[in-house]
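Shown next, in structure tokens, is the structure this report addresses.
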Amino acid sequence: MDNEVKRNIIIDHYHNPLNKGLLEDENYTKIRVNNESCIDNIVLMVKVEDGIIKDIRFDGEACAISTSATSIMIKMLLNKSVEEALIILNEYEKMINEQDYDESIIGEAIVYNEVYKQPNRKKCALLPWRGIKIIIEKE
Amino acid sequence: MKVRDDFPMLRKKIIYFDNGATTFKPHIVIDSVVDYYSNYSANAHRGDYDISLQVDDAFEAAREKVKKFINAKTTEEIIFTSGTTDSLNMIIKGYFKNHLNSGDEILITKSEHASLVLPWFLLGNQIGCVVKYIDLDQDLKVTIENVTKAITNKTKVIALSHITNVIGDIRPIKEISKLAHQRGILVMVDGAQSVPHIKVDVEDLGIDFLGFSGHKMLGPTGIGVLYGKLELLEKMKPQNVGGGMNDIFTSLKQIDYKPLPHRLEAGTPNIAGAIGLGAAIDYLEMVGMDNISKHDQELKRYAVTKLSKLDNIEIYNANTGGSIIAFNVKGVFSQDTAIYLNKHNICVRAGSHCAKMLSDNINVNSTCRLSFYLYNTKEEIDRLVELLKNKDILKESL
Ligand SMILES: Cc1ncc(COP(=O)(O)O)c(C=O)c1O
């Protein structure tokens with residue numbers, strides 16, 4: 001995918017993120033994640049039923065990479081089983097950390113395949129996934 | 001200013017606008033530290049041999065330089081610490097903890113640094129003193145009227161940055177001290193951003209306590225200063241006890257402490273740091289604090305004028321003096337702007353700058369901050385302005 005296309009996808013998700021805005025609903029598990037730099041700050045809420053991720057919502061103020069990565073993550077994980085989600089997450093982390101990964105399951109998140117070239121952006125791309133990991137590993 | 005050749009870091013092809021965070025070091029500071037480690041690397045106050053005496057002399061000479069630099073009365077009023085954070089914590093925990101009561105009020109503002117706010121919050125939890133806020137005016141400045149309004153008969157302390165690290169305004173500390181002292185209120189000042197940039201004269205300001213950091217004024221990291229009026233420091237409890245600060249001890253009940261300043265400096269001090277700070281002061285005095293202030297403020301005015309002409313830039317503190325500019329590119333998150341500029345080798349800081357409560361006042365949670373110092377130039381600002389004219393900053397930050 002060429003860079004221009006990747007950037008456009010990222011900006012699209014940044015400007016129109018999926019499922020932004022939290023709900024008052026006790027069936028969700030909530031988590032706040034932020035970066036040491038203390039700027040990116042995202043709250044995720046996740047509803048898992050019978051081992052399936054039924055819904056993820058988020059809110060917060062964060063950079064273009066963190067925000068778009070959250071939106072893309074939500075798109076990818078909705079209606080996946082917890083096991084499938086963990087596999088996707090694992091491949092995603094490998095991609096961000098410049099290790100070999102399975103491109104066939106990365107989906108739209110492929111737009112971040114060169115983030116490793118900007119070390120200061122890696123933590124942004126990983127931010128929402130760090131949060132989701134904590135929640136679904138408990139499931 | 002003809003100082004750029006003195007700073008090895010400036011040989012790198014970067015433009016550094018994050019002097020509020022820390023500053024580059026001139027050769028004479030680096031050399032003084034290397035000289036200590038290479039030529040007379042011994043402990044202080046252990047003077048049975050020549051090099052140790054040499055250390056004592058250099059260490060105490062640095063204290064003398066600090067004393068003169070801020071116009072303290074005696075070197076006993078100058079305590080070396082690890083930095084502003086350490087100094088402010090010591091003042092609050094070592095002095096105020098034992099001199100305030102439940103219900104006593106401390107006045108601060110919403111633009112103070114975490115290292116001033118948090119020790120006060122903590123003390124509030126411990127002893128029940130109450131932190132209250134002086135309102136900021138529409139330019140986020142502290143006015144005498146608002147200070148007067150905030151004072152009650154329970155106010156015991158006014159604790160403020162001399163210059164804030166987000167907005168960069170210079171507070172009228174001298175007038176505030178006068179007002180406070182007429183009412184028996186003590187004044188504690190965070191000098192982290194002022195001592196490096198303007199002439200700070202504790203006698204003239206009339207303040208009771210001051211803390212500042214070496215690394216923000218061309219000195220090494222890990223060294224800072226606590227100034228306190230002698231009669232107040234006399235009553236301050238050491239937070240740390242140990243070597244170098246006691247005279248004799250036979251039991252818990254019988255410990256005789258050394259006199260000031262050593263009583264408040266337990267353990268082997270940051271000797272190299274103090275010597276480096278002394279060299280930094282020599283350098284600042286050589287250039288002249290007035291020249292530095294003028295230069296910094298001139299750069300700010302220049303940058304504000306140029307940036308104001310760009311319609312995609314929002315400046316939050318155009319009307320304050322000082323050498324700090326807080327801005328955002330419209331529609332771009334501060335961190336994305338900082339990353340875009342970094343791609344062009346310009347260092348600016350994005351974030352809430354450790355003054356998290358200020359977002360109540362300016363309705364933005366994070367900004368990009370430019371903070372200038374004596375080695376910055378108008379050419380550097382021209383380059384920044386050129387880059388900020390770009391309409392694709394967000395995209396190019398990715
Ligand atoms: C206004 C202000 N106060 C306190 C500090 C803390 O200084 P240090 O980190 O050197 O202890 C800073 C530095 O960030 C500051 O700008």
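Below, chain A is the first sequence line, B the second, and so on; all start at residue 1.
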For the [atom1] atom on [X], are there more than 12 heavy atoms of other groups (residues, nucleotides or ligands in this structure) within a distance under 6.0 Å?
{"X": "A:Lys94", "atom1": "NZ", "result": "yes"}
{"X": "A:Glu103", "atom1": "CD", "result": "no"}
{"X": "B:Lys343", "atom1": "NZ", "result": "yes"}
{"X": "A:Lys30", "atom1": "NZ", "result": "no"}
{"X": "B:Asn125", "atom1": "CG", "result": "yes"}
{"X": "A:Asp100", "atom1": "CG", "result": "no"}

(message) Only heavy atoms, only distances under 4.5 angstrom. Which residues in residues 69-78 of chain A are near chain B?
(response) none
(message) I need the contact set between residues 14-27 of chain A and chain B: heavy-atom distance under 4.5 Å, sorted by residue number.
(response) A:Tyr14, A:His15
From [atom1] ([X]) to [atom2] ([Y]), nearest 0.5 Å:
{"X": "B:Leu398", "Y": "A:Arg121", "atom1": "CG", "atom2": "CZ", "answer": "6.0 Å"}
{"X": "A:Ile11", "Y": "B:Asp336", "atom1": "CD1", "atom2": "CG", "answer": "9.0 Å"}
{"X": "B:Gln335", "Y": "A:Ser66", "atom1": "CD", "atom2": "OG", "answer": "6.5 Å"}

(message) As a quick check of understanding, evaluate salt bridge (Lys or Arg N to Asp or Glu O under 4.0 Å) for B:Lys395 and A:Glu4, giving each step before the final call.
(response) CA-CA 9 Å; B:Lys395 197 180 251 187; A:Glu4 188 59 18; 2.7 Å; yes
(message) With a 4.5 angstrom heavy-atom cut-off, is it the side chain or the backbone of B:Ser397 that approaches chain A, or both, or neither?
(response) both
